[in-house]
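In what follows, a single structure is set out as structure tokens and then discussed.
Values reported hereafter were calculated over all heavy atoms of this structure, with side chains retained and with hydrogens, waters and symmetry mates removed.
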Amino acid sequence: SPEVVILTREEILEKSNWSEEEVKLLFADTRFPMTEYARKQIVEVHALIQFFARKALVKARQIQEEEDRALSFAQLHV
């Protein structure tokens with residue numbers, strides 16, 4: 001069975017190269033899969049990975065849509 005790994009806000013700050021403000025903003029994001037346990041904000045590692053995977057997918061789709069719009073615009077003005 002897969003191992004469940006829980007990270008606290010402090011552990012993410014220690015293990016990442018992010019500033020305290022960046023971690024604070026991450027945990028404040030309503031889409032971020034954190035919860036509170038024993039007065040600590042925590043996140044399960046697999047949920048954290050999925051969160052960033054979805055963010056990357058959304059960003060890739062936005063880039064593709066922008067490229068498609070630019071191409072359509074260029075084709076209209078040729």
Side-chain angles (χ1 to χ4, degrees):
S1 68
E3 184 177 338
V4 176
V5 178
I6 303 292
L7 296 174
T8 64
R9 181 175 171 163
E10 293 77 20
E11 289 172 323
I12 289 177
L13 185 58
E14 289 172 12
K15 295 174 188 292
S16 70
N17 289 324
W18 301 329
S19 70
E20 190 170 338
E21 184 64 23
E22 289 171 317
V23 173
K24 181 180 174 182
L25 289 172
L26 178 65
F27 275 80
D29 186 336
T30 57
R31 297 166 296 179
F32 188 67
M34 75 89 174
T35 192
E36 289 191 20
Y37 179 77
R39 295 187 159 168
K40 289 195 179 265
Q41 292 179 319
I42 61 172
V43 62
E44 197 273 330
V45 164
H46 294 103
L48 179 67
I49 292 167
Q50 287 178 341
F51 174 78
F52 284 111
R54 279 193 300 275
K55 282 188 79 157
L57 182 59
V58 167
K59 184 67 175 171
R61 286 181 182 157
Q62 289 172 341
I63 291 169
Q64 185 62 51
E65 289 171 0
E66 290 172 10
E67 290 174 352
D68 291 348
R69 279 194 298 274
L71 182 58
S72 295
F73 180 80
Q75 289 173 342
L76 287 174
H77 294 86
V78 172

Under the side-chain contact (heavy atoms from CB on, under 4.5 Å) test, residues paired with [X] that sit two or more places apart:
X: T8; value: E10, E11, K40, I42
X: Q64; value: E67, D68
X: L57; value: R61
X: E14; value: none

Run the ring pair (Phe, Tyr, Trp, His ring centres under 6.0 Å) test against F32 and tell me which residues pass, sequence neighbours left out.
F27, F51
Sequence neighbours left out, what passes ring pair (Phe, Tyr, Trp, His ring centres under 6.0 Å) with Y37? Give chain and number order.
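By the ring pair (Phe, Tyr, Trp, His ring centres under 6.0 Å) rule, Y37 matches no residue at all.
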Distance check, rounded to the nearest 0.5 Å: L48 atom CG versus L26 atom CG?
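Between atom CG of L48 and atom CG of L26 there are 7.0 Å.
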Atom pair OG1/CD of T35 and E44 - distance to nearest 0.5 Å:
12.0 Å
Look at the side-chain heavy atoms of Ile, Leu, Val, Met, Phe, Trp and Tyr, link any pair under 4.5 Å apart, and say whether F52 and V43 land in one connected group.
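Per the 4.5 Å side-chain linkage, F52 and V43 are co-clustered.
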Quick check on the hydrophobic clustering: are M34 and L25 connected, directly or via other members, by side-chain heavy-atom contacts under 4.5 Å?
no
Is it the case that over 12 heavy atoms from other parts of the model lie below 6.0 angstrom from the CD atom of E20?
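No, because the 6.0 Å sphere around CD of E20 holds 12 heavy atoms or fewer from other groups.
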Tell me whether R31 at atom CZ has more than 12 heavy atoms from other residues, nucleotides or ligands lying less than 6.0 Å away.
no
Indicate the atoms forming the closest heavy-atom contact of E22 with N17, along with that distance.
OE1-O, 4.4 Å
Can you confirm whether R9 sits close enough to L13 that some side-chain heavy atom of one is under 4.5 Å from a side-chain heavy atom of the other?
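R9 does not reach L13 side chain to side chain.
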